[in-house]
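Each residue takes its place number in the sequence, starting with 1. Just so you know, these numbers use all the heavy atoms, side chains as well, and skip hydrogens, waters and symmetry mates.
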Amino acid sequence: MSPEHNRPTTGSMRPGEAAHSASATAVHNPLPHANPLETLIILSEVELPTIAKGPIIRRPKVVGVVERLGLEARAVKRMQKVSEKYGKGPLMLSIPGMNMATVLDPEHVHRILEESPEPFAPAEMLKRNALTHFEPKSSLISHGGERTQRRKLNEQALDHGHPIHRMAESFMPVVEQEAAELLKTVDAQGGVLAYPDFLDAWFKVVRRVVLGESYRDDKQLTELTEKLRADGNWAFFKPVDKTGRESLLQQIKAALDEGESGSIAAFMSSLDMGSESSPENQIPQWLFAFDPAGMASFRTLALLASHPDRLDAARLQIAQGQEEKAPMLPLLRASVLESLRLWATTPMILRETTRDVEFEHGVMPAGTTVLIFAPFFHRDERHLDFAHRFAPEVWDKPRTRADWPLVPFSGGTAICPGRHLVLLLTSNFLAQILGQRDVELTSHTLEPGNLPALLNNFTLEFELSAL
């Protein structure tokens, strides 16, 4: 632990209670500040493209524009220039009426993620305003005792600490069946696999695993979730659709009450819950998170199709795992993690300080929104020789604080509790496809040693043929 961890801090409050004020300590010992012009450049080149793409649900047309204009690579280059000028930071931005800081140092990434929820609360103001559109009592935007209960329920239901979920034997037949149906659809279309068909099959898996067999074809539930997530893209700029939100939460509550055998809803209903756990508010986050998991899986197909040696090795593991009820498939898991590193589906990790926090170069005021721009760390070729290539070997062992921060599922004490379940389902879904079909990427050409800063999953297409 570095000396800064032992320095005294002042004040104590819930997130947001001091968003527009700073203590005397912060005033007299401030962190480095970007001037208004620098702030405008950072916001326009780093944050604006990310927000425009859609922080809660992607806007396909905007993703295409960002890809064509190379704005993702420009954002990383801008952050590199900022770090060269300001060193470790963190760097405070000059935004009227709001305290915001961007993180520049790997050690600070580790510190901030490990020191959550105090003094770096996940319940950051912008996040609260976005997620309240569909999950107002989610653990992600809760604090104190409420967060403790809700986080515990998420960890238990998602089997947080285990690579193989305890209900995996119920999940694997679902994965196998839906992958088989997808391949039938692809064969009927002359072997062409595009994203809409892939995502449709993926969400059939998701609904069956999370809610139960009777929800397999309930596209209305998915569409309602997507509509509310699209509202969430606008955060406080758009009124909450309380009628739609209540309908979503009531449908999820009905699934929990019914508790269909073999579903996480049934497993969740059997757990001990605190009075403030609000289980129906936790599940929308899972339905949300499985969308970017689908994006990452489809991009993983592109990576493997463009790296025949890795694809051959993955097929060998698939063949070896065929007798297992829930194969670990380490190379496919690592490939999904690489997809998430190369093209982060959560590019902005947000925290909010609950009190003044001292760093080496000054004090961050209470109520500061803290921004970790993941692509800056994931694709920084100044420090990573694998920044722009497919390197699944970096995931061969657990990464620690001694390593450069690669945070596809966030990190520290608030790490995504469903990360193992996501990797279990995505890797086995991909295994069903790759184990039965040859896969050729027909829409893009990926240069193995110089992968693009953004890969538009919406326009990816593959040609599938018999092995």
Check for a donor-acceptor pair, side chain of [X] on one end and backbone N or O of [Y] on the other, with a separation under 3.5 Å.
| X | Y | answer |
| --- | --- | --- |
| R399 | P405 | no |
| T50 | V46 | yes |
| N233 | I57 | yes |
| S116 | F120 | yes |
| R58 | T345 | yes |
| R389 | P448 | no |
| E38 | N35 | yes |
| W202 | F290 | yes |

Do [X] and [Y] sit within salt-bridge range, that is, some charged N less than 4.0 Å from a carboxylate O?
| X | Y | value |
| --- | --- | --- |
| E155 | R151 | yes |
| E135 | R245 | no |
| K137 | E146 | no |
| E381 | K77 | yes |

Below 4.5 Å, heavy atoms only, C-beta onward: do [X] and [Y] meet side chain to side chain?
| X | Y | result |
| --- | --- | --- |
| E47 | L371 | yes |
| L332 | L304 | yes |
| L104 | K88 | no |
| F134 | K227 | no |
| F409 | L340 | yes |
| V336 | L430 | yes |
| W343 | M295 | no |
| L434 | L301 | yes |

Test item: side-chain donor near acceptor, [X] and [Y], under 3.5 Å:
| X | Y | answer |
| --- | --- | --- |
| Q149 | S277 | no |
| H108 | E360 | yes |
| R147 | S139 | no |
| S263 | R208 | no |
| R351 | T368 | no |
| T354 | E118 | yes |

So, is the end of the R341 side chain (NZ or CZ) under 6.0 Å from the ring centre of W404 and within 45° of the ring's axis?
no
Do R111 and F359 meet the cation-pi criteria used here (NZ or CZ under 6.0 Å from the six-membered ring centre, within 45° of the axis)?
yes
Among L350, I349, T353, side chain to side chain contact (heavy atoms under 4.5 Å, CB included) partner for V370:
T353
Sorted by chain and number, sequence neighbours left out, side-chain hydrogen bond (donor to acceptor under 3.5 Å, both in side chains) with S278 holds for N281
Of E84, E72, E45, which meets salt bridge (charged side-chain N to carboxylate O under 4.0 Å, His left out) against R78?
E45
Dump the intermediate steps for side chain to side chain donor-acceptor pair (under 3.5 Å) on S83 and R382, then the final yes or no.
CA-CA 11 Å; S83 71; R382 302 173 306 170; 3.1 Å; yes
For F171, ring-ring contact (aromatic ring centres under 6.0 Å, His included) partners two or more places apart:
H165
For the residue pair F462 and F298, is the inter-centroid distance of their aromatic rings smaller than 6.0 Å?
yes
Output, in order, the C-alpha distance, side-chain angles, deciding distance and verdict of side chain to side chain contact (heavy atoms under 4.5 Å, CB included) for V407 and F377.
CA-CA 9 Å; V407 286; F377 295 96; over 6 Å; no
